[in-house]
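Report on the structure given below.
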Amino acid sequence: MDCELTPKLLPGKILEVTDLGVKVTLKGRMGIIQVPLRSVITDKSLQVGQEIRVYLSYIQVV
Amino acid sequence: MDCELTPKLLPGKILEVTDLGVKVTLKGRMGIIQVPLRSVITDKSLQVGQEIRVYLSYIQVV
Amino acid sequence: MSITVETAEQHYNDPAVLCCLRQKGTVISASDLEDPAIFPDLEESGLLKLSEDSLTIGQVLGSTLDQDADAMTPLTPKLVSHFAEKKTEESGKITTSLSAAAASGLNNSVIRFSINELKGQIEIPAGFDPSVLPFTIPSAPKLEPEDQIIRTLTQREFDVQEVRIGAETSFQDKVLTIREGLCTESLKADPLVKDAELDIIPPDQRHVYSNTIMDVIPIATKTEGILGEGTTHVMRGAVVILTGVDELGVQVHEFGSCEGYLDEKIRFGRPGSPDPDDIMIRIHVTVQENTGMERRGPFAAHKACDYIIQEIREALKKAPAEACVKEDVYHDYKKTGKPRVVLVKEIMGQGAMHDNVILPTEPAGVKGGRRNVDLGNVPVVLSPNEVRDGGIHALTCIGPATKEVTRHYFREPLVNLMAEDNEINLVGVIFIGSPQVNDEKSYVSARLGALAEALDVEGAIVTTEGFGNNHIDFAENIEQIGRRGIKVVGASYCAYQGQLVVGNKYMDAMIELNKDKDGFENEILADSTLCPSDAKRALLMLKTKMAGVPIEPANRNWSQDVIDANQQFIQ
Amino acid sequence: MSITVETAEQHYNDPAVLCCLRQKGTVISASDLEDPAIFPDLEESGLLKLSEDSLTIGQVLGSTLDQDADAMTPLTPKLVSHFAEKKTEESGKITTSLSAAAASGLNNSVIRFSINELKGQIEIPAGFDPSVLPFTIPSAPKLEPEDQIIRTLTQREFDVQEVRIGAETSFQDKVLTIREGLCTESLKADPLVKDAELDIIPPDQRHVYSNTIMDVIPIATKTEGILGEGTTHVMRGAVVILTGVDELGVQVHEFGSCEGYLDEKIRFGRPGSPDPDDIMIRIHVTVQENTGMERRGPFAAHKACDYIIQEIREALKKAPAEACVKEDVYHDYKKTGKPRVVLVKEIMGQGAMHDNVILPTEPAGVKGGRRNVDLGNVPVVLSPNEVRDGGIHALTCIGPATKEVTRHYFREPLVNLMAEDNEINLVGVIFIGSPQVNDEKSYVSARLGALAEALDVEGAIVTTEGFGNNHIDFAENIEQIGRRGIKVVGASYCAYQGQLVVGNKYMDAMIELNKDKDGFENEILADSTLCPSDAKRALLMLKTKMAGVPIEPANRNWSQDVIDANQQFIQ
């Protein structure tokens with residue numbers, strides 16, 4: 001099936017911060033992303049509740 | 001800081017399937033994404049271990 | 001009993017017998033004639049004597065009665081003038097083509113030009129078709145048949161001004177009392193339910209925290225008849241909201257939950273939401289740990305909730321009819337001669353809460369219904385009245401702004417609008433599930449196409465709640481209908497976050513349901529669901545398309561301006 | 001490109017522009033005019049210049065061209081005579097009622113009586129309806145619409161004169177060779193399959209013992225298009241029979257099995273059976289012990305069998321078109337103006353072998369289809385072509401004489417008869433499962449009723465295979481249709497052993513399928529199934545009922561005499 005995966009810039013919020021990474025929930029509650037600290041770009045130190053944004057598309061099984 | 005977020009098409013694998021959603025791990029262990037079933041596009045029934053792809057960018061704190 | 005035009009056509013070669021007293025000068029039509037099907041009985045009982053010179057129905061239609069005559073009088077050449085000569089070659093043949101019979105029937109009417117002298121010219125343009133003459137049966141002056149009522153549903157609304165907890169469940173003088181022990185008792189609805197609580201939230205005390213809202217459920221019950229007909233009692237001013245967590249405190253769905261302060265998390269007044277003045281009866285259910293993500297967990301919560309509502313329904317059943325503040329009467333119609341259209345509601349069908357109970361026994365109930373996932377998500381036809389009488393109980397949970405809850409289906413704006421519109425003939429409402437896997441999507445879509453083809457509709461509106469891979473079926477459903485030459489309009493939230501992932505050439509008339517200024521799933525319950533104004537836009541667009549007016553190509557990206565501009569047409 | 005009458009009606013107030021060169025004296029009709037939808041493009045490219053005094057399409061229909069004129073010429077008062085004055089109050093209104101638009105359009109045609117002197121009398125009977133004038137557009141002289149072809153299926157039959165076991169599967173010069181290792185390989189279709197054997201039974205060597213016949217399966221394959229359209233290759237003269245036991249030697253179904261000598265246990269020549277001259281390819285499958293009575297066991301046998309057939313299909317696909325001995329072309333039609341009827345096939349849906357695969361990918365295949373039990377047994381609509389192209393793979397097993405096997409659906413006599421009958425409009429074939437529990441039966445029956453209502457059919461034939469509690473739904477299905485005013489005929493084996501257990505007043509036109517002289521389930525495969533003569537009786541009875549002719553009450557008990565008497569009508 002030929003389907004267009006389009007990344008969308010989504011706002012979200014930080015749910016959890018560890019020494020290793022963050023867990024964020026996306027606006028619209030359509031997903032949760034966990035990434036290592038390296039993948040987070042920030043001007044201030046990370047805290048739960050901070051607003052974030054990230055590009056995400058639907059997931060396609062290949 | 002003004003930084004360009006660029007979504008990248010990443011391969012990954014399904015870690016977990018529930019009646020509600022899936023959890024995938026991205027290649028290079030650079031992240032875990034959980035999304036509802038509706039956000040998964042698939043030609044076959046979902047199973048742990050299946051290969052997927054998804055667009056994801058870094059996360060930016062705003 | 002007089003017969004219809006259709007019956008007359010079927011009995012074209014049977015004897016013509018008056019059904020009632022008719023006066024001299026009457027121009028004979030079907031409504032003056034008795035049904036030949038009962039002649040054997042009439043003859044046997046001596047009420048009717050047919051003679052050799054009886055005229056047939058085909059011969060007498062349009063002829064004139066020359067003298068007063070009683071019921072059960074067979075019409076003969078002595079009684080009528082201007083009847084037609086018998087065409088013998090047609091007799092005995094079963095005629096199934098009604099239009100042919102009608103045409104030959106009309107041939108027997110007469111225009112008489114007794115001209116002795118004529119000076120001048122008669123000009124008849126090419127294409128004159130003498131086999132069709134412009135006469136109608138006098139007593140049935142309307143060519144367009146009346147809409148025929150198939151079934152009638154009466155909904156009586158009863159005001160609720162206060163809700164209390166008390167010793168007995170009762171509903172009297174606009175006060176609903178709910179029995180204290182009912183919640184505990186509801187646990188037996190399903191062993192997965194570990195706790196259930198109930199509290200009352202008056203309209204002026206809404207700034208309270210709430211776990212995620214799984215559903216908004218009207219309180220309604222049958223007092224007569226089955227779903228879609230008879231009488232239903234409905235409470236006005238009070239509505240149930242169902243919330244849920246598991247024993248570990250995890251929201252019953254990790255994604256798309258809308259826990260938070262009720263006044264901030266609900267767009268009050270949407271078809272699916274509580275209204276601004278509604279008292280909310282909040283039922284909070286705790287299910288077994290880790291079952292919130294499984295199909296059985298959330299369903300158990302709905303079962304417990306339904307158990308509680310059922311006792312309230314029993315009290316509501318007893319409300320005296322005269323105490324109702326409003327009575328709505330809804331009809332399912334058979335409309336002949338108006339363009340046949342269908343409404344297709346695509347519903348979630350991917351398991352867990354992405355599921356819906358179809359046709360429970362009680363309005364908006366759970367028991368007695370079957371879930372679309374268990375029906376393989378194939379299309380199922382409901383009558384408009386069945387939908388309006390609570391034929392769908394939604395289990396759907398995510399995302400908050402775009403999900404259609406149970407109350408939404410109870411007050412579905414498109415169902416109401418299309419059912420009441422007298423320019424169209426809404427033949428039914430099709431519910432089709434959205435499965436997970438693309439092959440399954442195609443399978444059910446193909447069945448929708450076959451069904452639409454068999455229904456022989458001219459137009460269809462397809463809606464889908466939510467967004468995500470259900471937009472794949474949404475596109476395919478529209479294509480399956482559109483490529484059969486049926487005019488089709490789609491309605492969905494897409495906007496920014498839910499941009500369509502696939503498309504086809506039949507998706508040229510789309511209604512955007514987004515109400516968020518930035519085009520996001522904004523986590524406010526029911527905000528971007530289908531509202532009456534969306535319904536009007538959709539139906540107008542369908543009528544426009546059916547009238548052959550071209551639809552302008554859509555913009556590449558979502559823009560609120562388009563919606564605003566289109567909205568003007570319906571204001 | 002010229003436009004249709006419908007398009008002309010829709011663009012009633014748009015400018016009239018000639019689509020092609022037309023000569024002086026032409027009476028303007030829709031077929032002379034260009035589609036206004038493309039005017040913007042034409043104007044932009046300079047091909048068309050509309051002027052202030054252009055006439056509208058509504059004005060020029062029926063007018064006469066006064067001089068030769070080129071394509072793309074806008075019609076003006078200078079060019080035509082007898083055009084109508086513009087009616088401005090209509091412009092800008094979206095007209096959805098096409099008949100109204102048509103009527104006003106025809107109003108502008110002209111009958112001219114230029115009478116200078118008249119002596120005499122003109123008499124016009126009451127009921128003259130001036131809004132309808134008897135003109136047709138000259139280029140479309142027929143008022144009755146043609147049957148419109150929706151899709152076309154071509155079935156090419158290829159003779160099989162010999163079947164062998166060999167090194168490679170191939171099909172050449174009427175010889176089918178089946179690879180020796182194929183059976184062993186087929187075990188991988190399902191782990192429950194423990195053994196599979198294949199042997200060839202020529203028509204003259206049928207006195208061989210056989211385990212119970214689970215199915216009779218035609219060998220057919222798509223070479224183009226999907227099921228119901230495109231091209232299908234079919235083998236003639238060879239058919240697969242599937243038999244099965246479990247590892248303990250128990251017949252795959254303890255009830256209703258028909259093990260025994262093949263020549264004694266099959267009624268050859270029935271729609272579902274092998275024909276008298278057919279070579280039988282017998283595939284015998286052994287499934288895991290004790291799984292023969294579970295749903296998964298028999299289905300595993302069908303999967304292994306389908307695996308084997310698929311390799312034969314691949315060979316059949318390659319057969320050159322010119323080698324076919326017969327080519328049948330089947331159409332699905334949209335028939336306007338003929339009475340809409342539907343065929344309802346009630347199929348088993350009680351689990352295990354009482355199940356059917358709906359719409360597999362290959363004709364009469366297994367893969368790609370879904371089982372009606374998994375669809376909750378709700379009614380599903382197939383087009384007649386989809387059924388004739390092998391849209392149903394039967395898993396049904398009991399009892400032998402009354403079960404409808406896969407080949408039965410492939411050659412269903414009622415589908416063929418009703419689809420080809422040009423007095424009726426078969427809108428579709430509905431498959432509805434028969435569940436176990438009475439509540440579920442009622443649930444799916446009610447959906448059948450809602451579907452029949454939405455389909456707006458005048459008549460229906462309901463059939464059921466087998467007998468037993470499926471007669472409860474059979475009765476309920478008939479009632480759900482009948483009480484909506486739809487004429488309905490039922491067809492089933494009942495006779496002595498299968499006497500109906502319930503009944504209702506709509507069951508007044510019943511076709512008995514029994515062929516056993518004592519009225520028993522006689523354990524002979526397909527003996528008492530629906531045959532062409534039954535189909536003819538059923539359709540004639542439906543037509544009779546639709547024509548309003550009363551049906552005589554049935555006798556209290558089954559009697560062969562009734563069938564014989566009715567059979568005379570169709571001979």
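Atom set for the values below is all heavy atoms of this structure, side chains included, hydrogens, waters and symmetry mates excluded. Just so it is clear: chains get the letters A, B, ... in the order the sequence lines come, proteins before strands, and each one is counted from 1.
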- Message: To the closest 0.5 Å, what do you measure between OG (A/Ser57) and CG (A/Leu10)?
- Response: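 Spacing of OG (A/Ser57) from CG (A/Leu10) equals 9.5 Å.
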
- Can you tell which of A/Val35, A/Leu46, A/Val22 has the highest number of heavy-atom pairs within less than 4.5 Å of chain B?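 It is A/Val35.
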
- Query: Do the non-hydrogen side-chain atoms of B/Ile14 and B/Ile52 ever get within less than 4.5 Å of each other?
  - Reply: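 When only atoms from C-beta onward are counted, B/Ile52 and B/Ile14 do touch, with a gap below 4.5 Å.
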
- Message: Within the structure provided, determine whether B/Leu56 and B/Leu26 are in side-chain contact (heavy-atom separation under 4.5 Å).
- Response: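 Result yes, sub-4.5 Å side-chain heavy-atom pair found.
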
- Item | Residue B/Lys44 versus chain A: region with a heavy atom under 4.5 Å |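 Interface part for B/Lys44: side chain.
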
- Message: Heavy-atom pairs under 4.5 Å with chain A - which of B/Thr42, B/Leu9, B/Val24, B/Ile32 has more of them than the others?
- Response: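 Most pairs with chain A among the choices: B/Ile32.
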
- Query: Checking heavy atoms, do the side chain of A/Glu51, its backbone, both or neither come under 4.5 Å from chain B?
  - Reply: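 Contact with chain B: backbone and side chain both.
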
- Donor-acceptor pair, A/Gln50 side chain versus A/Leu15 backbone, under 3.5 Å?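 A pair under 3.5 Å: no.
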
